[in-house]
Amino acid sequence: MKYGPLFGICNKHATPETLIDEIKQFEAEGAHGVVIDLDGLQEEYFTGEWIRKILAACCRVESYVCCYRSKNTEHISDEKRAEYLLMAAQEGAGIVDVMGDLFDKVDGELSFNAQAVEKQKLLIKKIQEYGSSVLMSSHVSKPCRMEETMKYFHAHYERGVNISKAVFHCNNEEEFAESRRISERVCNELPIPFVFVCSGEYGKKFQRYETLLNGSLMTFVRCHDKDVQPSVREALDFMRKRTPWASAAGRSQCGEFVNRTAVITGAASGMGLLAAKKFAAQGASVLLVDINKEALDDAVEEIRKNGGKAAGMVADVRSYADAEKAAATALEKFSRIDFLLCFAGGYEPRCCNSNLPFYQQPIEVIDWGLDVNLKGPVYFSRACMPAMVKQKYGVIICLGSVSGVQASPQGPMYGTSKNGLTQFVKCLALAGAPHNVRALCVAPGPVLTRPGMANMPTPLKRAAEVVELVDFIMNMCSERSSFITGSTHFVDGGYLCNFGR
Ligand SMILES: NC(=O)c1ccc[n+]([C@@H]2O[C@H](COP(=O)([O-])OP(=O)(O)OC[C@H]3O[C@@H](n4cnc5c(N)ncnc54)[C@H](O)[C@@H]3O)[C@@H](O)[C@H]2O)c1
């Protein structure tokens with residue numbers, strides 16, 4: 001049984017200020033997303049600038065923008081509505097709702113007028129090109145039998161949308177039972193996610209939890225006490241009782257990274273391991289990636305025991321297929337990728353136990369040094385970045401080293417790779433900037449992930465504690481660092497100040 005995320009409904013707001021207040025309130029209560037109905041807004045606020053401000057308030061919740069028809073906006077043409085929806089997509093809305101009868105208003109909100117359908121398809125494509133997902137909605141608002149209902153979902157799907165949503169009514173027990181059978185069939189038959197809302201006199205009594213149970217992609221939570229939907233707290237309580245993972249989600253509902261997902265390579269030991277624990281403790285869902293299965297399983301188990309959301313994946317960062325699999329796993333399990341932290345790496349003479357001069361080093365050792373330290377972050381960035389671009393949010397952090405600027409005759413592939421990451425994050429930063437994706441390199445001096453590091457001298461006369469690096473990295477992922485991208489940050493206790501002496 002799947003339980004979708006909770007979306008607070010923000011409608012009937014005449015000004016962006018009160019709308020933004022409500023978004024923030026839903027976020028504070030633990031909702032995962034908000035439905036922003038532009039309909040209530042006074043028309044002067046239908047501008048790119050205002051929509052951008054409203055969407056900026058959704059930095060920690062998913063945004064779902066619609067512009068339904070109501071008495072308030074009767075005078076607005078469907079062409080104008082389409083323009084507003086495109087504007088929302090352009091400004092980074094996560095989900096944009098295209099009504100099933102846009103361009104041809106009909107009862108039941110699903111038009112088959114060929115011209116209108118063509119226009120819808122074009123709009124859907126344009127919205128998707130901006131990176132938003134399109135949800136097509138039909139507020140049917142009457143009871144329907146199985147076959148008729150399925151027509152709605154299939155028609156939405158055939159128009160090329162990403163999510164199908166239909167609202168039906170049921171007024172008695174029999175209609176309600178039929179709606180349950182329908183949702184089961186949609187679940188098994190429809191190739192895309194769906195939202196199935198069963199309302200009406202009888203359905204309303206159950207609507208509070210019905211969408212939580214029927215496999216719908218999302219569940220709506222209320223904004224006003226008089227609304228039929230459950231409050232965020234009621235819905236979370238319900239979910240907590242039903243599934244262990246939801247219970248974990250409920251416990252970690254506070255923290256800076258709630259609703260964020262981190263993919264962490266090299267997460268079975270050292271800095272990567274502590275980062276996985278600390279990100280999870282701050283509410284993030286974490287996908288731990290490493291080649292060391294045993295240590296990985298232990299880490300995942302510990303995080304889960306402490307109430308965090310975590311999954312493990314045995315993967316070799318040298319394989320692009322593994323990188324793609326990791327990105328797909330993170331999206332499948334947690335729906336987003338907000339942070340990519342590339343810790344997997346190592347000094348090839350130590351990791352391959354081969355302390356020879358470069359000119360005698362076996363080529364396998366040289367390959368290992370380059371592939372793990374340089375290609376690994378490149379592969380994982382390539383695999384994870386499309387999701388970040390789509391979300392219009394993401395931070396990629398590569399682990400460099402002081403060895404990236406201070407040359408030494410030993411481990412030349414390590415130093416060369418770490419230096420390469422400095423250039424790589426600059427390129428990534430430029431590619432990501434238009435999509436609100438940042439990239440940077442954190443380059444430590446000696447860190448106490450193993451005792452030997454204590455012998456590396458720094459002006460502070462000690463090596464760093466692991467937590468000092470992880471805290472720095474968490475700060476870099478925070479919105480407090482939203483202007484930092486493309487740069488390399490040395491966290492080295494002053495080690496490089498003596499460089500060259
Ligand atoms: N510890 C330091 O003093 C120091 C200093 C500068 C830079 N760094 C860099 O910081 C990062 C983390 O360092 P650490 O000391 O915490 O590391 P660590 O050795 O404790 O952990 C590295 C992890 O990466 C995993 N790994 C190795 N090869 C892999 C592969 N091919 N695919 C997937 N996983 C793989 C290992 O199993 C291990 O769990 C590294 O990139 C390192 O180069 C560390």
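Each ligand, and each atom within it, is numbered from 1 in the order the structure gives. Values reported hereafter were calculated over all heavy atoms of this structure, with side chains retained and with hydrogens, waters and symmetry mates removed.
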* With heavy atoms only and a cut-off of under 4.0 Å, state how T449 meets ligand 1: side chain, backbone, both or neither. => side chain
* To do: If you have a sec, work out which protein heavy atom is nearest atom 21 (O) of ligand 1 and how many Å separate them, to one decimal?
  => S269 OG, 3.0 Å
* Hey, is A463 one of the residues with a heavy atom under 4.0 angstrom from ligand 1? -> no
* To do: On the 0 to 90° scale, with breaks at 30° and 60°, tag the F194-F153 ring pair as parallel, tilted or perpendicular.
  => perpendicular
* Asked: Identify the closest protein heavy atom to atom 3 (O) of ligand 1: which residue and atom is it, and at what distance?
  -> V447 N, 2.8 Å
* **Neighbour count >12 (heavy atoms, 6.0 Å) for atom CZ, F358** => no
* Structure fact -> The answer for which part of C351 has a heavy atom under 4.0 Å from ligand 1 is neither
* Are any of the side-chain nitrogens in E301 or K305 under 4.0 Å away from the carboxylate oxygens of its partner? -> yes
* In terms of atom number and element, which parts of ligand 1 are under 4.0 angstrom from non-hydrogen atoms of G270? -> 16 (O), 20 (O)
* Can the ring centroids of F339 and F257 be said to lie less than 6.0 angstrom from one another? -> yes
* To do: Please state which part of Y414 comes within less than 4.0 Å of ligand 1, counting heavy atoms only: side chain, backbone, both or neither.
  => side chain
* Would you check whether A464 reaches within less than 4.0 Å of ligand 1, judged by its heavy atoms? => no
* Compare all side-chain heavy atoms of L86 with those of L123 and state whether any distance is below 4.5 angstrom. => yes
* To do: Note the single closest protein heavy atom to atom 19 (O) of ligand 1, along with its residue, its atom name and the distance in Å.
  => R450 NH2, 2.9 Å
* ligand 1 atoms in contact with G445 (distance to a heavy atom under 4.0 Å) -> 3 (O), 5 (C), 6 (C)
* **Nearest-neighbour protein heavy atom for atom 28 (N) of ligand 1, which is reported as residue plus atom name and distance** => I291 CD1, 3.6 Å
* Asked: Among protein heavy atoms, which lies nearest atom 12 (C) of ligand 1, and at what distance?
  -> F343 O, 3.4 Å
* Hey, does C342 sit under 4.0 Å from ligand 1 if you only count heavy atoms? -> no
* Does M271 approach ligand 1 within less than 4.0 angstrom via side chain, backbone, both or neither, non-hydrogen atoms only? -> both
* Structure fact -> The protein heavy atom nearest to atom 24 (O) of ligand 1 is G266 CA, 3.4 Å
* Asked: Do S164 and V195 come within less than 4.5 Å of each other through their side chains, counting heavy atoms only?
  -> no
* Element-labelled atoms of ligand 1 that are located less than 4.0 Å from some non-hydrogen atom of S401 -> 6 (C), 7 (C)
* To do: Show which atoms of ligand 1 fall inside a sub-4.0 Å distance from at least one heavy-atom site of P446.
  => 3 (O)
* To do: Would you indicate which of G345, G272, G404 comes nearest to atom 22 (C) of ligand 1 when only heavy atoms are counted?
  => G345
* Asked: Do D338 and Y393 touch side chain to side chain, with heavy atoms closer than 4.5 Å?
  -> yes
* To do: If you have a sec, work out which protein heavy atom is nearest atom 38 (C) of ligand 1 and how many Å separate them, to one decimal?
  => D290 OD2, 3.5 Å
* To do: Check each heavy atom of D316 against ligand 1 and say whether those closer than 4.0 Å belong to the side chain, the backbone, both or neither.
  => both
